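Here is the structure we will look at, set down as structure tokens.
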Amino acid sequence: MRLYNTLTRSEEPFAPLRGQQVRMYTCGLTVYARGHIGNFRTFVCLDVLRRALKHLEGYDVRQVMNYTDVDDRTIKESQKAGRPLREYTDQYIAAYLEDAATLGLETVEETPRATDEANLRAMTEMVQALEKNGHTYRSDGSIYFKISTLPKYGQLARLDHEGIKPGARIDTDKYDKEDARDFVLWKATTPDEPTWDFGAGPGRPGWHIECSAMALRLLDGAPIDIHAGGVDLVFPHHENEIAQAEGATGEPFCRFWVHVEHLLLGEGEKMSKSVGNIFTVQDVLAKGFRASALRYVLLAVHYRKQLRFTWASLAQADEALTRVMDCLARLDAVTRPGAHDDLTAKVASARKGFAEMMAADLNTPGALGVMFELVRAVNAAIDAGQIGTDDVAAIRDVFDYFDQVLGVISVRRADDAAPPVPVDEIERVIGERKAARSRRDFAEADRIRDELAKRGIVLEDSAQGTRWKRK
RNA sequence: GGCGCCGUCGCCAAGUGGUAAGGCAGAGGUCUGCAAAACCUCCAUCCCCGGUUCAAAUCCGGGCGGCGCCUCCA
């Protein structure tokens, strides 16, 4: 598989360093509020990355995704809510898990929290190693990383320090730093803030230290294979993670850096909690859209391109997925045994084409194209009667193969598992309508169909009988 | 001010040197009690201007337009 590596700014063939195991760290949510669909674009894309590594490449994936449960915002919001930090962040971890399940994200191997004691101890050890290696200084009770001590600083973001001129907003006097680009490792706390002391003095973690420390602790040391997150993390977060890990261990931190581009709203602005223009997964569901449509939208644009989110795109995605589901449903009516060479060949080339698209830096839009070409071929074969039950088995198998990675069909099935009208009622009413039709009482038949349509159930008549589906 | 990305049909979106995938929407037709679904047919020369090449949406240069990072951020 070829993956674009931010570190080299180029696409490179990927293979894990140690045997068949891919050790991957992905930056998760800061749990001070419910994640929005921009956050979930990143998570869904990285879910597809992990699925491709597992199911297409056959690797054993060990993924760590953190919850940042201590920082300025979590502290501020928990204080505002008058609740202990841990309790406050618990609810947003639960909300994340709910949304992740709704969107069909696979469960990752480890989900550490920054405030778990083992992690705080690992961070402390890293800070101490950095102090020992001469990369730090103390000021007003905080410990800072002194970037001038690390010549390689800046390798990921490639920022031209000299280019930072008027116009750039630099965090200047908030803290007493020797250089504007120095960053805090261990932060002095006020009496009302959570404070820990495992050997580096009382304080709390700086933003970046948790990821460096937890990645090395839970992925068995440097270098890890993949580190991923949203593009906005390239600088300063990931750059500083590299500085910390490499300053402490003297070894390269990570081999592949993968960054997912932003989701933008229709007008073209970035979604941001501070601006208030955000939508959550729950907001999308509340508008009547399926979770599967959202997942589809998030995969219909390559992960390294900005995705302009609109409600119309959700409706289009839902229609597109309906086409796939209808095709799969039509297979149920095939009863003739056997296989057809033409279809067999089309299924095989679709499987191959799909894998090639995914191996080309996760070209999900291209992979969807391959899937739809097969949909067309299958529909044509059904209409022509050129399909047998062996073909059906092979077709179902290849769609399962697609969906192991894309995950849109399984989410759609989950969406539709609980229709707005109970299944036994639908089936009873369909029976009544069938009787009406056979006595040519079409007015009654139409009335029944309209009635169900109003309640979100669509009926389709065919030679094989009447099929229902959720609208 | 510095660094970087992007501009393909009405909408969304692949393709990145060999003559434009796919989805949605639309038009006509077949099928159907009607409807839906499905199938068939139709529907772009790739922001503009130069250049390189036998050949460019794809490479180079210059414009115009949109966006991101340099600051908390997925």
Side-chain angles (χ1 to χ4, degrees), chain A residues 9 26-30 32 35-46 68 71-73 157-172 174 180-181 207 228-237 239 259-264 268-275 296-297 300-302 304-310 312-324 326-327 329-330 353 357 360 363-376 378-384 437 440-443 445-446 449-450 453 458-463 466-467 469:
Chain A
R9 297 290 199 278
T26 54
C27 286
L29 260 194
T30 298
Y32 76 104
H36 53 65
I37 57 176
N39 295 319
F40 278 95
R41 180 198 189 185
T42 299
F43 301 144
V44 167
C45 288
L46 297 181
T68 297
D71 78 322
D72 291 348
R73 292 170 296 167
R158 300 186 183 183
L159 292 178
D160 175 9
H161 304 147
E162 309 311 315
I164 298 179
K165 291 199 175 112
R169 290 154 292 179
I170 298 260
D171 183 10
T172 48
K174 221 174 192 173
R181 290 164 296 141
W207 174 31
V231 271
D232 49 343
L233 298 183
V234 173
F235 188 88
H237 185 53
E239 189 68 59
H259 292 101
V260 180
E261 252 297 352
H262 278 135
L263 177 150
L264 309 173
E269 318 104 2
K270 185 169 80 167
M271 250 199 264
S272 137
K273 287 173 188 172
S274 50
V275 179
Y296 186 103
V297 163
V301 180
H302 185 89
R304 284 197 290 113
K305 286 185 83 172
Q306 292 172 341
L307 186 161
R308 185 151 293 179
F309 175 84
T310 61
S313 70
L314 271 179
Q316 290 184 4
D318 201 70
E319 283 302 321
L321 254 185
T322 297
R323 184 167 150 78
V324 177
D326 284 339
C327 176
R330 292 183 82 200
M357 285 296 179
N363 187 349
T364 49
L368 287 168
V370 169
M371 182 170 78
F372 279 103
E373 282 173 351
L374 186 61
V375 166
R376 169 178 288 257
V378 169
N379 276 326
I382 292 172
D383 281 2
R437 290 180 77 205
R440 304 194 66 80
D441 183 357
F442 296 122
D446 289 349
R449 187 171 60 197
D450 292 345
V458 177
L459 298 188
E460 289 174 8
D461 300 322
S462 75
T466 298
R467 191 157 69 79
K469 64 182 186 184

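The structure presented is a predicted model; accordingly, all values stated were derived computationally and were not measured. Numbered from 1 within each chain, the chains take letters A, B, ... in sequence-line order.
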Worksheet entry | Side chain proximity check, A:F43 to A:T26, heavy atoms < 4.5 angstrom | no

Item to complete: Do nucleotides 36-47 of chain B as a string where each nucleotide becomes B, S or -: B if the base has a protein heavy atom under 4.0 Å, S if just the sugar-phosphate does, - if no protein is that close.
Response: BSSSS-------

Worksheet item: So does A:R449 pair up with A:D446, basic N to acidic O under 4.0 Å?
Response: yes

Worksheet item: Does CZ belonging to A:R9 count more than 12 external heavy atoms closer than 6.0 Å?
Response: yes

Worksheet item: Do the non-hydrogen side-chain atoms of A:N379 and A:D383 ever get within less than 4.5 Å of each other?
Response: no

Item to complete: Rounded off to whole Å, could you give me the CZ-to-C1' distance for the A:R41 and B:C67 pair?
Response: 13 Å

Worksheet item: Going by heavy atoms in the side chains, are A:R308 and A:V301 under 4.5 Å from each other?
Response: no

Discussion item. I need the CG-C1' distance between A:D441 and B:C34, as an integer number of Å.
Written reply: 13 Å

Worksheet item: Atom CG of A:D318 to atom C1' of B:C24: distance rounded to whole Å?
Response: 11 Å

Practice prompt. Determine the contact category for A:G369: base if any of its heavy atoms lies under 4.0 Å from a base atom, sugar-phosphate if only primed atoms, P, OP1 or OP2 are that close, otherwise nothing.
Written response: base

Item to complete: Could you check how far CZ of A:F40 sits from P of B:A74, rounded to whole Å?
Response: 11 Å

Worksheet item: Mind checking the C1' distance from B:C48 to B:U30? Whole angstroms is fine.
Response: 45 Å

Fill in: G-U wobble or Watson-Crick pairing nucleotide for B:G68 (cut-off 3.5 Å, both distances)
B:C3

Worksheet item: Hey, is the side chain of A:R449 pairing donor to acceptor with the base of B:A35 inside 3.5 Å?
Response: yes

Practice prompt. To the nearest 0.5 angstrom, please state how far the CD1 atom of A:I37 sits from the CG atom of A:L263.
Written response: 5.0 Å

Fill in: Nucleic acid footprint by protein, nucleotides 12-18 of chain B - heavy-atom cut-off 4.0 Å, B for base, S for sugar-phosphate alone
SSSS---

Worksheet item: Do you know which two heavy atoms are closest between A:Y32 and A:R73, and how far apart they sit?
Response: CE2-NH1, 3.1 Å

Worksheet entry | Same-atom distance (C1') from B:G15 to B:C31, integer angstrom | 36 Å

Response to the item:
Checking N1-N3 plus N6-O4 or O6-N4 for Watson-Crick, or N1-O2 and O6-N3 for wobble, each under 3.5 Å, the partner of B:U53 is none

Worksheet entry | Distance, P atom - from B:C49 to B:A56, rounded to whole angstrom | 15 Å

Worksheet entry | Donor/acceptor link under 3.5 angstrom from A:D232 side chain onto base of B:G68 | no

Practice prompt. On RNA chain B, check which nucleotide each of A:E261 and A:R304 is closest to and give me the residue with the more 5' one.
Written response: A:R304

Discussion item. Judged by each residue's nearest nucleotide on RNA chain B, which is more toward the 5′ side, A:A315 or A:A312?
Written reply: A:A312

Item to complete: Rounded to whole angstrom, note down the C1' distance from B:C12 over to B:C6.
Response: 16 Å

Worksheet item: How far, in whole Å, is B:A44 from B:G62 if one measures between their P atoms?
Response: 34 Å

Worksheet item: Between A:R9 (CZ) and B:C6 (P), how many Å, whole number?
Response: 13 Å

Worksheet item: Taking atom C1' of B:C72 as reference, at what distance in whole Å does atom CZ of A:F235 sit?
Response: 13 Å

Worksheet entry | Cationic N near anionic O, under 4.0 Å, A:E261 to A:K305 | no

Discussion item. Return the pairing partner of B:U30 with a 3.5 Å limit on both distances, Watson-Crick or G-U wobble; otherwise return none.
Written reply: B:A38

Discussion item. Checking the side chain of A:R41 only, and the main-chain atoms of A:L264 only, is there a donor and an acceptor separated by less than 3.5 Å?
Written reply: no

Fill in: Watson-Crick or G-U wobble mate for B:A21, both contacts under 3.5 Å
none

Discussion item. Applying side chain to side chain contact (heavy atoms under 4.5 Å, CB included), can you list everything that pairs with A:V370, at least two apart in sequence or on another chain?
Written reply: A:A350, A:F354, A:M357

Discussion item. Would you say the base of B:G33 stacks on A:F442 (centre-to-centre below 5.5 Å, plane angle below 30°)?
Written reply: yes

Discussion item. Say we look at B:U53 and B:A13: how far apart would their C1' atoms be, to the nearest angstrom?
Written reply: 29 Å

Discussion item. Please report the distance, rounded to the nearest Å, between CG in A:L263 and C1' in B:C67.
Written reply: 13 Å

Worksheet entry | Interatomic distance at C1', B:C47 relative to B:C40, whole Å | 35 Å

Fill in: For atom CZ of A:R440 and atom C1' of B:C34, their distance in whole Å
11 Å

Worksheet entry | Atom P, compared across B:C39 and B:G22: separation rounded to whole Å | 13 Å

Worksheet item: Per the side-chain contact (heavy atoms from CB on, under 4.5 Å) rule, which among A:T322, A:V375, A:L374 passes with A:C327?
Response: A:V375

